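See structure below.
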Number of protein chains: 2
Amino acid sequence: MTESDETPNRIIAAAERLFAEGGEDATSLRAITRAAAVNVAAVHYHFGGRDELLRAVLDRKLAPLNARRLDLLADAIAVHDPAVPLDAVLRAFLRPDLELIAELRGSGQVAFCRFMGRAYSQPGPAVAGFMQRQFEPVAARLYPLLRRAIPAVPAAELLVRMRLVVAVITGLFAGATPPGEPGPLDTDDIDEQLDRLVAFLAPGLAAPASLSHTIGGSG
Amino acid sequence: MTESDETPNRIIAAAERLFAEGGEDATSLRAITRAAAVNVAAVHYHFGGRDELLRAVLDRKLAPLNARRLDLLADAIAVHDPAVPLDAVLRAFLRPDLELIAELRGSGQVAFCRFMGRAYSQPGPAVAGFMQRQFEPVAARLYPLLRRAIPAVPAAELLVRMRLVVAVITGLFAGATPPGEPGPLDTDDIDEQLDRLVAFLAPGLAAPASLSHTIGGSG
DNA sequence: GTCTATAACTGGATAGAC
DNA sequence: GTCTATCCAGTTATAGAC
């Protein structure tokens, strides 16, 4: 609570806003310090440099996001023990993303959503690895649940399909809209968003593995 | 065929490689001209500046891509006239992307895939609008076919779901791997990739619109 | 059409006074 | 902890010789 702690916070707040608006590459340290009304050297003193600041900004959003994911997955297990149906797994997994998007939209931080989208799909040298480390504990809990929910889908195929699911999440972050406009999912109600999303994703996830491309069904 | 035409081509070729490797922001004009073994001023002479060069690079890949999409859609109409089944529409729509990814992977241009992924989902000021203009004629042909193939899905819902499909495509570009490693779709055979992709996407696209979130099915 | 040279900037980082 | 002053590598763009 010392007054000195205020400086790093001001830096983070300004960086959050500017990384979001201009993108990770287009935002200079000098622009951040100007916006935060602190000195350029302060960033080096408190964070070590530009890259470390970038990671700190992302961590502030990602740590709570994944913590919530783990909570909701634990809840789902508690309720449905032992076998959690696919819909429930997906809802627990996806809800924190929709909540974060809604929160950011609500506070006028649409640009930060796009920034998160970039961080998900195009980490860049400064945050690559960091993103994956954040996601690992979630994956460790998620996959056993999925295997149990849709045992007919082979593990390898499941991995492929979940990668496509993550691509969709990324797209939702990247395509987030300002509060006035309708979002990609065309509603502001998170439960409805979840319904639409799960209705779209679950059938594909649970679908039988394609057998042979000669019997694909297009002929 | 004059020898002078060679310079713009060398510039484009080098830009293609470097925009891919380092990303649109991280790649300087000077790095491009160094790689192309031409002078910095040549870019300004032939293209007008850095942004115009960037657009030219993208156009070289996107124009054939969308032309092929229109061809395949026309083929599908010719074969299935008048009503093209959903699988066939999706295959025609998705195949050019998979072909381009395969071609780029084959020629060691994985990084360019990631670049395309960025261009799709995070256009950036220099290429925003340009991307959409490229896509419009395809959309004009695609949507009527989709409406016919899955008339039960309301137009608004269809639009939402197709946005999710595009997010998946973007993810495939962004997640492209070098020739040795297995790709996101875990096979190098384009027909098999299409099978997997369509098997995952078609059920969700055709699914009945979610009725109410209180009957979602997670209880 | 092509090149050299340079103008006019901006970027991150840091030494050293306070 | 905070600031000034400065370093230096890098950028786009252009004027002007050839």
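We name chains A, B, ... by the order of the sequence lines, and we start the count at 1 in each one. Since we're looking at a predicted model, the values are computed, not measured.
- Atom CD in E52(B) sits roughly 12 Å away from atom C1' in dA13(D) (whole-Å rounding).
- A close approach under 4.0 Å does not occur between any side-chain nitrogen or oxygen of T7(B) and OP1 or OP2 of dG1(C).
- Between Y45(B) atom OH and dA15(D) atom P there is a gap of 15 Å when expressed in whole angstrom units.
- In this structure, the side chain of R55(A) engages the main chain of A126(A) through a donor-acceptor pair within 3.5 Å.
- A donor-acceptor contact under 3.5 angstrom links the side chains of R105(A) and T177(A), judged on distance only.
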Open item on the list: Taking Watson-Crick (N1-N3 plus N6-O4 or O6-N4) and G-U wobble (N1-O2, O6-N3), each under 3.5 Å, can you produce the dot-bracket string of DNA chain C? Use [ ] for crossing pairs and | for inter-strand ones.
Closed with: ||||||||||.|||||||
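- Spacing between atom CG of D25(B) and atom P of dT11(D) amounts to 13 Å, rounded to whole angstrom units.
- For dT11(D), one of the phosphate oxygens OP1 or OP2 lies less than 4.0 angstrom from a side-chain nitrogen or oxygen of S28(B).
- Geometrically, R17(A) does not engage F112(A) in a cation-pi contact, judged by NZ or CZ lying under 6.0 Å from the ring centre and within 45° of the ring axis.
- By the ring pair (Phe, Tyr, Trp, His ring centres under 6.0 Å) test, F173(A) is found to be paired with Y120(A), residues two or more places apart in sequence or in another chain being considered.
- Put simply, CG on D75(B) and CZ on R68(B) are 8.0 Å apart, with the number rounded to the nearest 0.5 Å.
- Of the inter-residue distances, the one linking L205(B) atom CG with L158(B) atom CG reads 7.0 Å to the nearest 0.5 angstrom.
- Between the P atom of dG11(C) and the CZ atom of F19(A) lies a distance of 12 Å, rounded to the nearest Å.
- When the nearest nucleotides of DNA chain C are assigned to A37(B) and R34(A) by heavy-atom distance, the more 5′-ward of the two goes with A37(B).
- Atom CD in Q134(B) sits 13.0 Å away from atom NZ in K61(B) (nearest 0.5 Å).
- With 3.5 Å as the limit, one finds no donor-acceptor pair spanning the side chains of D186(B) and Q193(B).
- As a whole-Å value, the separation of I32(B) CD1 from dG10(D) C1' is 15 Å.
- Expressed to the nearest 0.5 Å, how far OG1 of T27(B) lies from CG of L54(B) amounts to 9.5 Å.
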For nucleotides 13-18 of chain C, give me every protein contact, N/O to N/O, under 3.5 Å, one pair per line with atom names.
from: dA13(C); atom 1: OP2; to: H44(A); atom 2: NE2; distance (Å): 2.9
from: dA13(C); atom 1: OP2; to: R50(A); atom 2: N; distance (Å): 3.4
from: dA13(C); atom 1: O5'; to: H44(A); atom 2: NE2; distance (Å): 3.3

